[in-house]
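Let me begin by presenting the structure, written as structure tokens, before commenting on it.
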Amino acid sequence: MSEVKNKFGKIQTVEQAMEHIKDGMTIMVAGFCGVGSSYRLIQEIIKKGVKDLTLISIDAGDPGVGPEDIIKNEQVKKLISSHIGATPRTGELLNEGKLEVEFVPQGILAERIRAGGCGIPGFLTDVGLGTMVEEGKPKVTLNGKEYLLETALHADVAILRAEKADEFGNLIYNKTARGVNPLMARAADLTIVDAKEVVALGDIDPEDVVTPGAFVDSIVRGGGEWTWAWE
Amino acid sequence: MGMGIKDMMAKRAAEEVNNGDIVNLGFGIPQKVVNFIPEDKTVFLHAENGILGAGPAAGVGLGDPELIDSGGVPITTVPGASYFDSADSFALIRSGRLDITVLGALEVAENGDLANWMVPGGAIPGMGGAMDLAAYAKEVIAVTTHTDKKGNPKLKKAVTLPLTARNCVKLIITDIAVIEVDDKGFLLKEVFAGNTVEEVIEKTGAELRVADDVRVIDYDAEQ
């Protein structure tokens with residue numbers, strides 16, 4: 001193992017990374033049931049107290065892990081997500097009119113994020129056709145079939161967890177902590193990665209890289225301890 | 001002790017699974033289906049977050065905290081498993097590679113329309129992956145009680161609750177019967193032992209045609 005330098009200035013303190021987070025921003029929070037979410041960066045957003053955020057996340061997490069901690073602290077005006085069933089407080093805030101939620105079918109949400117990171121402004125799908133999901137969306141007929149026009153999602157900042165990062169930001173994920181993380185890493189102006197381990201250039205085999213470092217702007221060693229809902 | 005009805009419903013759903021199938025199981029009774037797949041069939045379980053080849057649940061505290069199924073439960077993997085991102089996971093579904101999904105249902109219409117994601121006025125959990133799964137799995141099996149808690153039919157001429165996907169359900173396994181959805185509507189194929197054809201017709205909220213040779217499923221007698 002070589003010595004970790006910081007040739008690209010991407011390895012930052014949590015405080016440096018948090019300077020990018022401002023009121024009113026759209027933030028992608030990676031993870032699924034909290035797995036793949038950065039516990040530390042979520043706690044720092046709460047500590048900073050930024051307001052009027054729009055969050056994009058596949059679900060609201062589980063109680064105590066994932067995006068719900070930010071939502072509970074009433075820093076979020078709008079959530080774009082596919083599921084909030086495991087996080088009762090998010091549902092309460094929705095019912096109290098303190099939170100707007102745009103529900104998106106999970107696969108379409110993943111694809112909208114993917115599109116946002118690929119320079120594709122939108123796409124056609126029949127998932128959600130005839131359901132509440134179609135409200136307000138343009139319909140397009142192609143080859144005699146009707147489709148919904150779904151738009152790409154892009155964010156100011158994405159925060160995600162990775163198993164390993166090198167100095168350039170090449171990333172490897174762990175098991176199902178991959179999920180939407182590689183998609184979100186590409187779909188934001190600024191991508192902050194909480195890496196469990198930071199290694200020198202060359203210490204990740206190019207064949208193993210899942211997210212190329214070109215998509216990563218800031219690398220922090222997050223850490224933080226929590227227990228999962230089932231423990 | 002005989003089998004409970006939930007296990008019988010899961011066992012019946014497992015009969016639909018063929019060797020080599022890629023299968024996605026929803027929450028509740030559908031999750032039990034895995035317990036009834038015979039050992040001579042190799043099946044790859046898919047979970048929406050990004051795994052093909054999910055294995056049994058990991059013991060409490062024994063699993064990797066970053067290896068979970070779509071319900072957030074720590075799991076294991078089987079030989080041949082793979083991890084991928086969520087876009088690939090839904091590409092697998094929408095490109096027609098998912099052979100079977102077993103989902104819960106609130107209502108099923110005689111044209112195969114499915115409602116299973118929200119009750120107006122109740123808590124709104126969100127649809128998760130249900131809309132993608134129902135629209136694009138090669139076979140959608142709905143597993144549900146035949147009637148709701150008040151005794152109202154859940155199999156209807158048309159769904160009244162918010163729609164999940166149109167014309168998607170091919171087979172319905174209830175706590176009293178197995179019903180196929182074909183071009184003409186509901187066709188009663190099987191009843192669970194202890195239930196009569198007349199009773200099933202009475203509890204169904206749309207026309208129910210009856211197959212020529214109705215199977216009586218009696219798993220306890222088969223054992």
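Throughout, a chain's letter reflects where its sequence line sits, starting with A, and its residues are numbered from 1.
The choice from A:Asn181, A:Leu109, A:Val133, A:Val127 that makes the most heavy-atom pairs within less than 4.5 Å of chain B is A:Val127. Of the listed residues (A:Leu183, A:Val180, A:Thr90), the one with the most heavy-atom contacts under 4.5 Å to chain B is A:Leu183. Contact tally against chain A (heavy-atom pairs below 4.5 Å) for B:Ala87, B:Ala135, B:Ser89: the top residue is B:Ala87. The candidate with the highest count of non-hydrogen atom pairs below 4.5 Å against chain A, out of B:Ser82, B:Ser70, B:Ala81, B:Gly71, is B:Ser70. Among A:Val101, A:Asp59, A:Asp126, A:Asn95, the residue with the largest count of heavy-atom pairs under 4.5 Å with chain B is A:Asp126.
Proximity to chain B (any heavy atom under 4.5 Å) is restricted, for A:Leu94, to the side chain, taken from C-beta onward. For chain B, the nearby part of A:Val104 is the backbone; its heavy atoms alone come within less than 4.5 Å. For A:Glu163, the part lying near chain B is the side chain, with the backbone staying farther off; criterion is any non-hydrogen pair under 4.5 Å. Heavy-atom distances place no part of B:Asp113 under 4.5 Å from chain A, backbone and side chain included.
Looking at A:Arg112 and A:Thr151, their side chains do bring a donor and an acceptor atom within 3.5 Å of each other. Counting only N and O atoms by type, the side chains of B:Tyr83 and B:Thr77 include no donor and acceptor under 3.5 Å apart.
At least one donor-acceptor pair closer than 3.5 Å links the side chain of B:Asp132 to the backbone N or O of A:Gly107. In this structure a side-chain-to-backbone donor-acceptor pair under 3.5 Å is present from A:Ser81 to A:Ile58. Here the side chain of A:Lys78 pairs no donor or acceptor atom with the backbone of A:Glu100 at under 3.5 angstrom.
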**Report entry** Stepwise salt bridge (charged side-chain N to carboxylate O under 4.0 Å, His left out) check, B:Asp182 with B:Arg209
**Finding:** CA-CA 11 Å; B:Asp182 64 18; B:Arg209 288 167 297 123; 2.5 Å; yes
Requested in this report: Run the numbers on A:Lys139 and A:Leu148 for side chain to side chain contact (heavy atoms under 4.5 Å, CB included), then give the verdict.
Outcome: CA-CA 5 Å; A:Lys139 288 182 185 169; A:Leu148 299 179; 3.9 Å; yes
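In this structure, B:Arg97 places its CZ atom where only 12 or fewer heavy-atom neighbours from other residues, nucleotides or ligands lie under 6.0 Å away. For B:Lys41, the NZ atom is densely surrounded, since the number of other residues' heavy atoms within 6.0 Å is greater than 12.
In this structure the side chain of A:Ile45 never reaches within 4.5 angstrom of the side chain of A:Ile42, judged on heavy atoms.
Along residues 10-33 of chain B, no residue comes nearer than 4.5 angstrom to chain A, judged on non-hydrogen atoms. The interface of residues 141-163 of chain B with chain A, defined by heavy-atom distances below 4.5 Å, comprises B:Pro162, B:Leu163.
Atom NZ of A:Lys196 is separated from atom CD1 of A:Ile172 by 12.5 Å, given to the nearest 0.5 angstrom. One distance of note links CZ of A:Arg178 with OH of A:Tyr173; it measures 8.5 Å at 0.5 Å rounding.
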Identify all side-chain donor-acceptor contacts of residues 185-193 of chain A below 3.5 Å with residues at least two apart in sequence or on another chain.
from	atom 1	to	atom 2	distance (Å)
A:Thr191	OG1	A:Ala185	O	2.8
A:Thr191	OG1	A:Phe215	O	3.4

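For B:Ala211, the side chain to side chain contact (heavy atoms under 4.5 Å, CB included) partners two or more places apart in sequence, or in a different chain, are B:Leu187, B:Lys189.
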